[in-house]
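First comes the structure, then the notes that go with it.
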Amino acid sequence: MFVERALQKGVIRTAILPLTVGKVVRTMQPRDPAPVIPPGTACLVEVIELKWLLAGRGIHIHVERLLDDPEYARQILDRAAAIPESALRETAARLRTGLKLG
């Protein structure tokens, strides 16, 4: 059996091989707790917004550390609050509230 895919300058014929599926056994493996923002608090979009606003000013942050390390988060948010750009300050303030960093 072949599937044909049109390209700009022609057609490619790709063979499709039969697929046999046997019994699959899955075991649950314990996972490390993910650095997740608790529900109802800061939004991941705000974290990424802060990251890109700061990157535009040459300040690069580590998102996972921002979410896991309250002291690091305070330092980054304090630095963002000191920058005279209203969008950056407002995003930092929302994130500080969402992360409950006072």
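Just so it is clear, the values below take in all heavy atoms, side chains as well, and ignore hydrogens, waters and symmetry mates. Treat the numbers as computed from the prediction; the structure is a model and nothing was measured.
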Task: Ile76 and Leu54: CA distance, side-chain angles, deciding distance, side chain to side chain contact (heavy atoms under 4.5 Å, CB included) verdict - done: CA-CA 9 Å; Ile76 295 299; Leu54 287 173; 3.8 Å; yes
- [ ] Looking only at non-hydrogen atoms, find the nearest pair between Ala80 and Leu88 and report the distance.
- [x] O-CG, 4.1 Å
Task: Nearest heavy atoms of Asp68 and Pro70, plus distance in Å - done: O-CD, 3.4 Å
TODO: Could you list all the side-chain hydrogen bond (donor to acceptor under 3.5 Å, both in side chains) pairs where at least one residue sits in residues 71-83, not counting sequence neighbours?
DONE: Asp78-Arg96
Task: Shared hydrophobic cluster for Trp52 and Leu77 (ILVMFWY, side-chain gaps under 4.5 Å) - done: yes
Distance-only criterion, 3.5 Å: show the donor-acceptor pairs between side-chain atoms of residues 55-62 and protein atoms not counting sequence neighbours.
{"unit_1": "Arg57", "atom_1": "NE", "unit_2": "Glu85", "atom_2": "OE1", "d": "3.1"}
{"unit_1": "Arg57", "atom_1": "NH2", "unit_2": "Glu85", "atom_2": "OE1", "d": "3.4"}
{"unit_1": "His62", "atom_1": "ND1", "unit_2": "Arg65", "atom_2": "N", "d": "3.0"}

Task: Separation between NZ of Lys51 and CG of Leu44, rounded to the nearest 0.5 Å - done: 11.0 Å
Open item on the list: Is any side-chain heavy atom of Leu67 closer than 4.5 Å to one of Leu99?
Closed with: yes
